Structure formats: C-alpha cells, structure tokens
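What you see is a predicted model; the values in this text were computed from it and never measured. Atoms within each ligand, like the ligands themselves, are counted from 1 in listed order.
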Amino acid sequence: MLSFEKSKQAFKESSQYMPGGVNSPVRAFKNVGGNPLFISKGAGSHIFDIDGNEFIDYVLSWGPLILGHADSKVVTDLQAAVARGTSYGAPTVLETELAKKIQAIVPSLEMMRMVSSGTEATMSAIRLARGYTHRDKIVKFVGNYHGHSDSLLVDAGSGVATFNDIHEAPGVPEDLAYDTLTVPYNDIEGIKDLFAAHGDEIACVIVEPIAGNMGVIPGTADFLKTLRNLTTQAGSLLIFDEVMSGFRAAFHGAQSIYEITPDLTTLGKVVGGGLPVGVFGGRKEIMKFITPDGPVYHAGTLSGNPLAMTGGISTLDQLDDALYTQMVTRTDQLTTGIKDAAAAHNVPITVHHVGTMWSYFFNPGPVNNFEDVQKSDVDYFAKFFKGLLQEGIYTAPSQFETNFMSSKHTEEDIDQTIAAFNAVFDKIEVG
Ligand code: HOZ
C-alpha cells in the first residue's frame, strides 16, 4: 500500500487556511474520499507527491500540459522570460506573437483579447455578446461548465456537478440567473422550442462543442449545426467554449471537426502551456466593440502577461499534426484497453474519447447528456479512483471531469495503465 501520510498532514494544515484545504474544489478529492495528494514535482507524463510516490498523470493540470510536465523548451523559454521581468502593464510583442499563432491554428479568431483564465474569457465573451446584440438573455446547456462567473453558474458541470445540486447556485442573484436559459445538451427539439419562444431576446448561445465538464460527451453534428442555424436566423451570437477542447479535441479545435465557424470562441488551458491564460476572440466587427475601440469594457492588470504569453508561445510552437497523430493513437490504445478490461470483468462501462480527451462512466450508456451521466455508479467510481492511485495512476477525481493525454505519455505508460485498470477490476467488485 502506498503511504499518503505527508499529504494527509499537509491537507490538515491547508484546511485551516483555505476552505476545503484547496483553491479549487474538485482538487479536494472530497467526493472520492477526501485526501488530496500534495504534489512536489512533475516530469513528462509523471507526477510525484510529497510522500515520494510516483504516478502516471492523466489530469495534466486539468488539461493545459499537452507537452507533459516541465517540458524542456517551455522551461528554458520561461527562465529566459523571467530574467527580463515578470510584468510590465504595457504592451509587448509577445502578445501579438501569440495572437498570430492562435489565429494560424484557429482562424475564426480574427481578433482576440488575452485574459488570465478561462472564467475571465467566457465572462468577457458573454458581456461582449450582450453589448453587441443589445439583448440580455443567454443560453447554456445543462452540465456544460464555463467557469464560475454569475451568469454561467446556472445548471453547471465540473465542481458544481461534483458537489452541489446543479439547479442551485447560492450567491448568484436571481435576477441574473433569470436571464440564463438552459436546455439539455444535445437536445435539438429543446433548443428549437426555446428559440421559437425567445429568439429575439437571446444575445448568445454558449456551448462546449465537446463537453468536458461532465466527463467527455461530444456534441452531435446535428445539434451543433442547429445551434449555428438558429443563432444566425435570430441575430444571436454563437460562442464555442473551447477552453478545454481547444488544441485538445483536435489541433485546430472542435470547430475544425464539425466545420462550424462560431461568432466568438473562448480558449484557455493549453493556450497558456501551464501558465494562467485565457483568450476570447472571433469576428472582427464584434471584437471591435471592446474598449477602447468600442463601448464594451474589458481590462486586466495581468492580461497578456509576458510569462503567460511565453508559456503559450513555447507550447503552441511545438504542436503539429504528427504530434497529434501520436497522442490520438495513444488515447485510442488506452481507451480500447480500458473497454476490454471492463468487458473481461463484466463491468458496465461507457468510454468516450475525442482527440486527446478521454473519460469513462460506470454506466452501460448511451451517455449523451447530464441526465445520462447521473445514471453512473459514482460510488464505484470513487472506489475505483482510489484503486488506481494505489496502482500509480493519477486520474481526475470526479465522474464529472475529463482525463487527458500528453505528448510525453509512452507506450509503456499506456500498457502500465491498462494493467492497472485490470488489477483494480480484479480487486474491486461492482455493485
Ligand atoms: N474546473 C476545473 C476542471 N474542469 C478544475 C480546475 C482545478 O481544480 O484546478
């Protein structure tokens, strides 16, 4: 048995200073057994905790680390950047350099703004959509998560789904929640009905085209096309939240898979290479509504921070189609191995993967929306998660999150992970 004694002590101490002992709730492991590991370092596909345990890491900082931990070029570039100063509060050419790279990969971002988190990106995109259309209502989908700003916490996935009743959002003014309309994910008739009733009041529809905050659930092509058509007809904006799926579902994002051009896109995670970065951008005429060109306010002391820009540039510089082929092949191998292991042990499972994103539900499926995810056996998930930890595998500590693959995961890592799944299925019986 691995010992987590030092992590336990560290958690006891951190709990005196931070609610739940953490700075972001899912990290607390509360729903899977309540003792998070405190990490001392990461290297490639592996992380190490303060007890000296080593794990193959599929959380990868919740997505950003597509090149694994402490990639040598990213580290060298950051070391050089930090020596030139950490922040200036004035423009640098690094911001334009990163913007050009992003635009080359995701061309629908004709103009963009850099921010410091995915939450800021989605919050700012929503304000822009409201300012541009002069409408207040927004539409989101049940179990999609777009960060923790007030308007977007309604019926949200991720930590909200992990710990709370998603229909409750204490602290969010009722008047604000009133303007957020929700529909089940992948529900074509539901969104058509909503537009029939409220189309001319809707500023925007925001959607995770590949949902990743209730496990991985791809939007169907018909569903996403319907969103494009309805928003165009109603004069509303379509926002693709690609904070998670950007550079992950495919090199050029989920929008390249579906061949749909949203009006606005939000990015985060990979775009900062492990530093705090978010981006919102899209059609030039809409982005021109942002201050100082236009009337919709947006600002940030650390927006476009030189270290954050360097992390993003250094990461995007190293991505190419060949690397994606390698990562997607490994993801295919792993998810096939997990399905086979579950089948050999008669465990009902649904495994989803898109590009470098993957997750599994202890649920015979199909899993197409939040209601389906809720049918999963979360008690077995919690036991299974702890079993995997004992086998040296670090996965997302919630049924409502996604696992990731990095360029540093090796065939050996994959084989070891599949062996671990088999070992845990041997030890922990379902039901
Ligand atoms: N909301 C993030 C995953 N969807 C979790 C962030 C974190 O805890 O670091």
All N/O donor-acceptor pairs, side-chain side in residues 97-104, below 3.5 Å, sequence neighbours left out:
from	atom 1	to	atom 2	distance (Å)
Lys101	NZ	Asp317	OD1	2.8
Gln103	NE2	Leu109	O	3.2
Gln103	NE2	Glu110	O	3.0

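- Only the side chain of Asn213 comes within 4.0 Å of ligand 1, judged by heavy-atom distances.
- Residue, atom and distance of the protein heavy atom nearest to atom 1 (N) of ligand 1 are Ser158 OG, 3.3 Å.
- The side-chain hydrogen bond (donor to acceptor under 3.5 Å, both in side chains) pairs that include a residue from residues 7-27 number zero, where partners must be two or more places apart or lie in different chains.
- Counting only heavy atoms of the protein, atom 8 (O) of ligand 1 lies nearest to Ser24 OG, 2.9 Å.
- Residues Asp222 and Lys225 are not paired through a salt bridge, judged by the lack of any N-O separation under 4.0 Å between the basic side chain and the carboxylate.
- Arg27 NH2, 2.8 Å is the protein heavy atom nearest to atom 9 (O) of ligand 1.
- Looking at Thr356, its side chain never comes within 3.5 Å of a backbone N or O of Met327 through a donor-acceptor pair.
- A salt bridge links Arg283 with Asp263: at least one charged nitrogen is closer than 4.0 Å to a carboxylate oxygen.
- For Phe223 and Phe141, the ring centers sit closer than 6.0 Å to each other.
- Shown in contact with Glu401 at under 4.0 Å from a heavy atom are these atoms of ligand 1, numbered in order with element: 3 (C), 4 (N).
- In terms of protein heavy atoms, atom 5 (C) of ligand 1 is closest to Trp62 CD2, 3.7 Å.
- Of the polar atoms of Lys269, none of the N or O atoms is found under 3.5 Å from an N or O of ligand 1, judged by distance alone.
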